[in-house]
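If you read the sequence from its start, that first residue is 1, and numbering goes on from there. Values below: all heavy atoms of this structure, side chains included; hydrogens, waters and symmetry mates excluded.
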Amino acid sequence: MNLKYGIDSRPPFGQLMLYSLQWFVLAIAVVVTSLFIAVGSPAERVLYAQKVFALMGIATIVQALWGHRMPIVVGPASVLLVGIITTLAAQGDVVNTNKIYTAVLIGGIVIALLSIGRVLEHLQRIFTPRIVIVILMLIAVTLSPTIKNLIFPTGAEARHAFGLWFTIIGVPLMALAASKLQGVLKSIVVPVALLIGCIVYYAIYGGFGEVFSQYTSSDGPLLLPQLEFDGSIILAFLLCYVALLINDIGSTQSLGAMLGTTDTDKRCRRGVGITGLFNILAGGIGIIGPVNYSMSPGVIASSSCASRYALLPAGAGLIVCAFVPSLIAVMSAIPNTVIGVILLYLMGTQLAAALHMVVSTNSAQTFEQGLIIGLPVMTALLFGVIPMQVIPSVLRPLIGNGFVMGVITVILLEHVIFAKRK
């Protein structure tokens with residue numbers, strides 16, 4: 001691939017800042033779309049957002065300089081978003097986030113340990129293309145109830161019309177823009193949609209001043225008050241970390257193949273190790289853990305710049321955002337309806353990537369192979385809406401998690417039930 005700047009190139013300062021701007025805008029978008037999971041008072045949610053911005057900024061810089069040393073944006077892991085949402089739903093009215101983030105911390109420890117030696121190379125044999133395809137689909141499918149609740153929130157029926165029309169008009173327009181735009185403009189489709197959605201929403205309903213005034217200060221503990229161990233929650237999150245590991249490896253390996261690096265496996269091990277360490281830190285401070293995003297090749301292809309140093313100002317910008325509560329307040333004031341529509345579009349692109357992988361890897365050439373892909377998705381849909389009262393309370397975080405049940409199903413189908421027929 002013809003690039004103006006390679007991985008280790010240092011563009012002139014002016015150009016470096018321009019290249020960094022698109023990474024910064026992209027990083028802001030992926031962070032903002034995960035902040036709705038923060039619980040507590042407005043002040044506590046601002047502190048949660050500050051911690052997320054700071055952690056993602058530091059992780060971006062560390063990965064670029066000492067981890068995989070590649071231009072890959074770091075952001076909150078969508079699969080952990082699934083784990084947190086389903087666990088909160090399983091807990092009902094009594095919400096205990098200490099158990100959730102203890103599980104995040106333990107998952108980080110496991111990921112960090114797996115990066116030692118050549119364990120990753122052996123693990124990759126388990127994750128066949130069909131399993132990876134199903135996991136991509138499961139993340140999108142299991143987020144669909146959350147997306148519905150964001151777009152059409154309970155208690156705000158008068159504003160459901162906005163959610164309906166923003167979905168009908170906004171999603172096709174985002175798809176059209178993504179297909180027509182080139183270069184840097186292609187990477188700002190989501191941020192522009194966020195901005196336009198907010199402007200239209202507050203122009204119709206007003207109330208931005210009242211919302212903003214609630215978020216101008218932050219409050220709460222910096223660290224997790226105490227570790228609380230729950231076996232079923234930990235097991236559920238460990239299966240979520242299976243998907244996170246696949247995502248992390250896939251992001252590094254795909255970019256390495258694109259850029260023709262000769263030491264991709266070494267970069268992958270370092271990158272996964274750093275991801276594990278920052279997930280430990282995320283669990284310790286009570287926030288969602290990071291992962292390397294797979295959208296980076298598109299940004300590089302559009303800008304012809306693969307310099308890892310372009311990530312440094314972007315990471316620094318995220319850290320600066322963490323120390324400006326008023327700026328966090330503006331971002332936290334993005335209506336849930338707008339976030340829901342953006343997530344709908346992003347999960348649609350993820351399903352598209354999974355379907356493209358089905359074709360490119362010839363993963364569904366027989367009925368049995370198609371069943372390996374289809375049945376886990378249907379299993380996830382069922383267990384995502386199953387009444388929690390029919391599940392023993394100790395098993396709710398596990399059985400009540402559609403994503404986890406889908407992963408278990410696809411592994412059994414691929415490596416046990418249909419293993420001899422492949």
Side-chain angles (χ1 to χ4, degrees), residues 30 33 75 77-79 81-82 124 126-148 167-168 170-181 186-187 189-190 193 240 242-255 257-258 291-299 301-302 340-384 402-415 418 422:
V30 298
T33 51
S78 297
V79 67
L81 200 63
V82 172
Q124 289 183 65
I126 299 175
F127 304 121
T128 64
R130 270 184 294 276
I131 290 180
V132 174
I133 288 165
V134 170
I135 287 176
L136 286 174
M137 290 181 170
L138 289 176
I139 294 173
V141 167
T142 51
L143 274 178
S144 57
T146 299
I147 293 172
K148 187 267 291 184
T167 302
I168 293 174
V171 172
L173 284 179
M174 279 187 280
L176 177 64
S179 66
K180 297 295 184 181
L181 297 177
K186 192 180 184 72
S187 65
V189 170
V190 169
C240 289
V242 169
L244 183 145
L245 181 64
I246 292 173
N247 193 343
D248 218 63
I249 293 173
S251 299
T252 307
Q253 294 282 3
S254 62
L255 188 57
M258 174 183 174
V291 72
N292 292 303
Y293 269 63
S294 58
M295 61 183 68
S296 301
V299 178
S302 64
V341 174
I342 298 299
L343 280 175
L344 176 64
Y345 170 75
L346 292 176
M347 291 304 103
T349 62
Q350 180 146 319
L351 276 176
L355 293 172
H356 175 72
M357 191 174 176
V358 171
V359 176
S360 63
T361 60
N362 296 318
S363 294
Q365 294 183 305
T366 67
F367 177 80
E368 286 79 7
Q369 291 174 347
L371 192 61
I372 292 173
I373 294 174
L375 189 56
V377 175
M378 293 305 300
T379 300
L381 285 171
L382 171 64
F383 283 93
F403 174 83
V404 169
M405 297 305 294
V407 171
I408 292 174
T409 302
V410 71
I411 291 176
L412 287 175
L413 290 173
E414 177 78 351
H415 293 296
F418 293 123
K422 290 185 294 183

Could I get the full list of side-chain contact (heavy atoms from CB on, under 4.5 Å) partners for Leu371, not counting sequence neighbours? Phe367, Leu375, Phe418
With sequence neighbours excluded, tell me which residues meet side-chain contact (heavy atoms from CB on, under 4.5 Å) with Val141. Val377, Leu381
Please give me the minimum heavy-atom distance between Val82 and Phe403, naming the atom from each residue. CG1-CB, 3.7 Å
Minimum heavy-atom distance Ala380-Gly406, with the two atoms named: CB-CA, 4.4 Å
Drop me the distance from Thr409's OG1 to Ile372's CD1, to the nearest 0.5 angstrom. 12.0 Å
Atom CG of Leu412 and atom OG1 of Thr379: how far apart are they, to the nearest 0.5 Å? 10.0 Å
From Leu245 atom CG to Cys240 atom SG, the distance as rounded to the nearest 0.5 Å: 13.0 Å
Please report the interatomic distance OG1(Thr142) to CE(Met405), rounded to the nearest 0.5 Å. 13.5 Å
Out of curiosity, Leu346 CG to Thr33 OG1, how far, rounded to the nearest 0.5 Å? 6.0 Å
Please report the shortest heavy-atom distance between Pro172 and Thr167, naming the atom on each side. CD-O, 3.7 Å
CG/Leu344 to CE/Met174 distance, rounded to the nearest 0.5 angstrom? 7.5 Å
Taking Asp248's backbone N and O only, do any of them form a donor-acceptor pair with Thr252's side chain (distance below 3.5 Å, no angle check)? yes
Between Val189 and Ala177 the two heavy atoms that sit nearest each other are CG2-CB, 4.1 Å
Residues in side chain to side chain donor-acceptor pair (under 3.5 Å) with Thr361, at least two apart? Ser363
Flag the pair Pro129 / Val132 as yes when at least one side-chain heavy-atom distance between them is below 4.5 Å, and no otherwise. no
side-chain contact (heavy atoms from CB on, under 4.5 Å) partners of Leu355, counting only residues at least two apart: Met137
Which heavy atom in Val79 sits nearest to a heavy atom in Ala243, and how many Å separate them? CG2-CB, 3.5 Å
Going by the rule side-chain contact (heavy atoms from CB on, under 4.5 Å), which residues pair with Ile411 if we only count those two or more places apart in sequence or in a different chain? Ile131, Val407, His415
Does the side chain of Glu414 come within less than 4.5 Å of Val134's, by heavy atoms? no
Closest non-hydrogen atom pair between Leu176 and Ser179, with its separation: O-OG, 2.7 Å
